[in-house]
Every structure is written in C-alpha cells, then in structure tokens.
Amino acid sequence: MADPKGFMTTPRQDWPRRPVEERVKDWDEVYVPGALLPIISKQADRCMDCGIPFCHDACPLGNLIPEWNDLVSREDWRAAADRLHATNNFPEFTGRLCPAPCESGCVLAINQPAVTIKNVECAIADRAWEEGFAPPRPPERLSGKTVAVIGSGPTGLAAAQQLTRAGHTVAVYEKDDRIGGLMRYGIPEFKMEKHHLERRIEQMQAEGTKFRTSTAVGRDIGAAELRSRYDAVVIATGATAWRELQVPGRELDGIYQAMEYLPLANRVCEGDLETSPLSAAGKHVVIVGGGDTGADCLGTAVREGAASVTQLDIYAQPGAERDEDTEPWPTYPKIYRLSAAHEEARDLQTAPAADADARLFAASTLRFTGDADGHVRSLHLVEVDAQRRPLPDTGRSLPADLVLLALGFSGPDREDGLIDQLGLELQPRGTIARDAGFATNVPGVFAAGDAARGQSLIVWAIAEGRAVAAAVDRCLTGSSRLPAPISPYDRPMTV
C-alpha cells in the first residue's frame with residue numbers, strides 16, 4: 001500500500017474522453033490517447049488495503065486487484081503485468097469492454113466512488129505491450145494430444161491459449177472470415193480498436209495455436225468428422241440466437257436485428273465495404289432494447305450520420321445511486337449510467353423527445369406501420385409500469401426509417417447443424433447442457449461460454465475459457481495445473 005491515505009486524499013478521476021464533436025467524426029476509440037498514464041498511479045493509490053477485497057469475489061476471474069494496484073502505484077509495471085496476466089489472458093479486452101463488476105464490489109464504494117480498477121487494468125495491459133512484457137509463451141514440450149475449439153470469441157480464445165500453453169495441439173475453427181467472434185464484428189471500433197485483437201492473435205499463433213477461418217462446423221465440415229479428428233472438442237460458439245419482437249408490422253422492410261447491422265459497420269472499418277448497405281445516414285433510427293448492444297447501435301448510427309436516433313428501454317429510468325434495500329453492496333447495481341454513446345446522443349440532441357440522453361424509459365413497442373412500398377415509417381409505443389403493463393393514454397409514435405432490435409440472445413444458433421449432428425443435450429432455455437466438469441453428454445466434447453452459460457459478460461466468457469481448458473487438460477492427461485476460476489454453476493453475486 002504505497003499511500004495509506006490515498007483513498008482519503010485523492011478523488012476518483014476517470015480516463016478522459018475526447019470531445020464529442022471530435023470523436024463522432026471518426027471510428028477511433030473515444031478516450032484521449034495518452035491521458036491515462038499521467039493519472040493512473042495516483043488512482044491506484046486509492047486502493048485502501050481493505051483486508052477482505054470483495055473486488056475478488058465480484059470478478060469471476062479472481063483478478064489480483066489489490067496486488068497490481070499496489071504495483072502500479074509504485075510504477076512497477078513489469079510486476080503488475082505479471083500479476084494481471086496470471087488471471088486474465090486478455091486484460092486489454094476487459095479493460096475496455098467489461099462493465100467492471102469489480103468496482104461495484106470495491107470496499108471503498110460503500111460510501112465513496114470506487115477505485116478506477118478498469119482503468120488501471122487497461123493501463124497495465126497497454127504498458128505491457130509497449131514495454132514487451134507480453135511475449136509469446138510457447139510450451140516447452142508437446143503432449144501429443146489434439147483439441148479443436150469451435151468459436152473464436154473470448155471464451156474460445158482463452159481456452160485455446162491455455163491449452164496451447166499446456167502443450168496440446170490446438171486448432172480454432174471460426175465460421176467468419178476473421179478471428180474474434182463478436183469482438184471482431186459485434187463490438188464497434190470506437191469501443192475497442194481491432195489492433196488490440198490482432199496483437200493477441202499474433203501472440204497465439206507464435207505460441208502454436210492454429211486458426212481455421214471461414215469454416216462453419218456442421219456445414220463446411222461435419223461435426224462428427226471433426227470430433228473423430230481430435231482427442232477433445234470445446235464448443236464456444238456463443239449465444240447468437242437473437243430474440244425476436246413479435247408485434248404487428250415486424251415484416252416491414254427496414255427492421256433488422258442489431259447483429260445484422262453492427263457487423264456491416266465493422267466491415268466498413270475493416271475496409272471490406274465502402275459504405276454499409278444498412279447505413280443509418282439521413283434516417284430516423286429507433287433502437288428497441290436498452291442494453292449495451294443497443295448503445296453500440298446508438299454510437300454507430302450517430303457516426304453514420306443519422307437524422308435522429310432514439311433508444312427504447314422497457315425498464316423505468318434507474319436512479320443515480322444504489323438502492324441499498326434491493327441491491328446492496330457489493331452486488332452490481334442497476335443505476336443510471338452514461339456510456340460514451342449516450343453522452344454523444346445527449347450532447348448532439350439526437351432524440352429531442354427522449355427522457356434522458358437518447359433513451360425513452362418504460363417504453364414498450366406496440367406495432368410498426370409503413371408506407372405503400374412496405375417500408376417501415378413509424379414505431380408506435382406505449383409507456384408501461386414496473387410489471388410491463390401498458391399505462392392508459394400514453395401511446396405515441398416515433399418516425400422510423402430504420403429500426404434495430406437489440407433484445408439479447410437466447411442461446412446458441414442451431415442453423416449450422418453442429419448441435420443436432422453431435423446429438424447434444426440442451427437445457428430448457430436453449431443452452432448446451434454440461435456437467436460440473438464442463439463436459440456435454442457426448443464423450444470428449446465440452447461446452448463453455450455463452451453457448452452453455454447463456455448471454456453474459458466478457459469477463460465471465462474469459463473465465464469460462466480458462467476453466468474449460470483446465471477441465472479438458474485434466475481429461476486428456478489425468479491432472480491439470482491450469483487454473484479453473486469458476487465452475488459451470490457459479491453466478492454473479494446477487495441478493
């Protein structure tokens with residue numbers, strides 16, 4: 001603990017964002033380049049040596065947060081990078097994309113702003129790359145065992161890296177043309193520039209991991225055939241079966257799922273397309289769904305030059321402070337948060353009729369109406385109470401040339417045939433069933449990540465990847481020294 005009084009003398013200071021009018025004109029990350037390092041050591045000083053660090057329990061990876069906070073406060077970046085990478089394969093991903101449940105569990109957060117754990121993590125990860133503290137770590141010898149990992153999102157990549165480092169020969173199969181899963185085509189560039197992803201892929205290739213892109217298991221290669229080639233198979237395909245909105249007018253043109261819209265914008269940033277065929281330029285856009293995916297659509301539509309953008313959230317607007325009766329510390333509270341995209345929409349006034357920033361809270365979609373050509377032109381909504389019951393005399397309509405559905409995901413997509421070809425058992429909610437060792441009903445086949453857990457956070461995805469790697473390693477060799485931070489049955493802290 002470098003400064004025993006740091007939490008009393010130093011106020012919280014977050015990584016500053018670039019001015020709104022500047023950042024909406026490009027796709028670069030929203031933060032001011034180089035503005036984190038000058039402040040981060042003092043921010044790490046705020047870690048208060050609390051004795052029982054609940055940030056550990058709030059983080060499924062079990063990140064050694066007080067340890068690397070102390071090392072950063074002393075500017076021992078190499079040691080901090082070692083401690084961070086001991087529990088997290090991809091801290092530059094989580095440092096940018098995770099909503100930081102660790103900060104909700106920070107003891108300081110009981111009555112003060114939490115330590116900027118997420119910013120410290122990101123600073124360590126970036127410094128590690130700059131200083132060469134994250135070299136490839138190929139195994140000293142090979143085990144002679146082979147593993148196929150299906151899916152290259154954070155779960156698949158974490159599992160593949162752990163298994164490769166343990167000495168197994170690992171091949172990652174990805175149905176898209178590039179590695180990364182939703183991190184590649186679902187996460188906008190302004191939240192995480194893809195060079196962070198490319199850097200890790202190069203590291204993994206140098207360690208020995210093989211990548212097979214444009215290969216959908218179940219369609220391009222039979223699932224049973226793949227299973228016969230390898231000693232073990234890990235299914236980490238994610239939960240990509242999107243939820244639908246069954247209301248009148250859904251069949252109209254101009255209504256798309258968020259994951260039909262976002263990948264095209266990412267392909268423009270990759271250089272594959274000059275403009276997106278679903279571009280929001282000049283259109284009145286309505287986003288149905290109040291979560292992070294909806295916010296990603298919001299920031300994307302703003303950058304594409306939408307005439308207006310409104311986001312509908314079926315829940316009531318939360319308060320600015322934690323409700324200690326229903327969501328006591330150290331659980332992750334539902335409070336009003338202003339993401340970078342919402343800040344942009346607020347300052348640019350993209351939705352004049354919104355309750356706050358671009359959002360309409362407690363709003364439920366009733367129907368869509370369109371023009372004579374069958375294209376959507378209006379979204380009709382009604383306000384609802386806490387039980388989602390319509391309130392009388394609250395109906396209204398919004399202009400809508402482009403409607404994006406961001407309603408979450410129900411489980412893995414079965415279209416490719418992987419699940420049916422292997423004969424995998426499913427849970428009632430559509431996710432892949434598995435036992436306490438991540439094993440499915442098919443011998444040698446394991447399931448991890450959102451495909452089995454259900455839609456979750458990136459930090460849980462990486463934890464699943466690390467844990468399933470330990471289970472596979474144990475199955476192949478009889479024992480394992482790989483860490484297993486969670487079990488299949490662990491869940492976030494709740495009341």
Side-chain angles (χ1 to χ4, degrees), residues 56-57 59-64 67 81-91 134-173 200 203-211 226-237 422 424-425 432-453 459-491:
H56 283 196
D57 288 328
C59 174
L61 284 167
N63 280 336
L64 306 170
E67 293 187 30
D82 288 343
R83 301 312 290 150
L84 179 55
H85 283 100
T87 56
N88 188 350
N89 296 71
F90 314 121
R137 290 171 47 200
E140 294 182 359
R141 57 183 176 272
L142 296 178
S143 68
K145 301 293 185 179
T146 58
V147 183
V149 176
I150 307 173
S152 68
T155 297
L157 292 181
Q161 185 167 62
Q162 292 293 95
L163 287 165
T164 297
R165 289 175 172 178
H168 306 303
T169 300
V170 181
V172 178
Y173 288 80
R200 282 295 178 186
Q203 179 196 51
M204 293 178 65
Q205 288 175 322
E207 292 172 345
T209 303
K210 308 299 182 184
F211 293 103
L226 185 78
R227 172 66 191 93
S228 68
R229 291 185 188 178
Y230 293 88
D231 296 307
V233 173
V234 176
I235 300 175
T237 53
L422 287 176
L424 296 173
E425 292 180 359
I432 299 172
R434 55 187 180 171
D435 63 16
F438 294 87
T440 69
N441 61 298
V442 179
V445 178
F446 299 78
D450 290 3
R453 174 172 292 272
V459 70
W460 280 91
I462 296 173
E464 286 256 340
R466 290 172 67 86
V468 76
V472 172
D473 187 39
R474 188 177 303 108
C475 175
L476 295 178
T477 65
S479 64
S480 180
R481 299 178 65 182
L482 294 177
I486 59 171
S487 82
Y489 311 124
D490 287 334
R491 291 295 182 269

task: Please lay out, stage by stage, how Leu157 and Arg200 fare under the test side chain to side chain contact (heavy atoms under 4.5 Å, CB included).
output: CA-CA 9 Å; Leu157 292 181; Arg200 282 295 178 186; over 6 Å; no

Determine whether a donor-acceptor pair (N or O, by modelled atom type, separation under 3.5 Å) exists between the side chain of [X] and the backbone of [Y].
| X | Y | value |
| --- | --- | --- |
| Glu464 | Arg453 | no |
| Thr155 | Ala448 | no |
| Asn441 | Glu425 | yes |
| Thr237 | Gly151 | no |
| Arg227 | Pro443 | yes |

Partners passing side-chain contact (heavy atoms from CB on, under 4.5 Å) against Thr146 (at least two apart in sequence or in another chain): Thr169, Tyr230, Asp231

field: Pair Gln162, Arg165: side-chain N/O donor-acceptor within cut-off below 3.5 Å
entry: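 Looking only at side-chain atoms, Arg165 and Gln162 do not form any donor-acceptor pair under 3.5 Å.
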
query: Got more than 12 heavy atoms from elsewhere within 6.0 Å of CZ, Arg481?
result: no

Indicate the atoms forming the closest heavy-atom contact of [X] with [Y], along with that distance.
| X | Y | value |
| --- | --- | --- |
| Pro138 | Ala206 | CB-O, 4.4 Å |
| Ala470 | Pro483 | CB-O, 3.8 Å |
| Gly167 | Pro139 | CA-CB, 3.7 Å |
| Ser143 | His168 | OG-ND1, 2.6 Å |
| Ala148 | Tyr173 | CB-CE1, 4.1 Å |
| Leu422 | Ile235 | CD1-CD1, 4.0 Å |

Value rounded to 0.5 Å, distance of [atom1] in [X] from [atom2] in [Y]:
| X | Y | atom1 | atom2 | result |
| --- | --- | --- | --- | --- |
| Leu163 | Thr209 | CG | OG1 | 9.0 Å |
| Asn63 | Asn88 | CG | CG | 5.0 Å |
| Ile486 | Arg491 | CD1 | CZ | 8.5 Å |
| Ile432 | Phe438 | CD1 | CZ | 13.0 Å |
| Thr477 | Lys145 | OG1 | NZ | 9.0 Å |

message: Does Val233 form a side chain to side chain contact (heavy atoms under 4.5 Å, CB included) with Ile150? I'd like the steps, not just the answer.
response: CA-CA 8 Å; Val233 173; Ile150 307 173; 3.7 Å; yes

Is there a side-chain contact between [X] and [Y] in this structure, where contact means two heavy atoms from C-beta onward sitting under 4.5 Å apart?
| X | Y | value |
| --- | --- | --- |
| Met204 | Thr164 | no |
| Trp460 | Asp490 | yes |
| Thr87 | Pro485 | no |

field: Contacts of Phe90 that satisfy ring-ring contact (aromatic ring centres under 6.0 Å, His included) - sequence neighbours left out
entry: Phe93

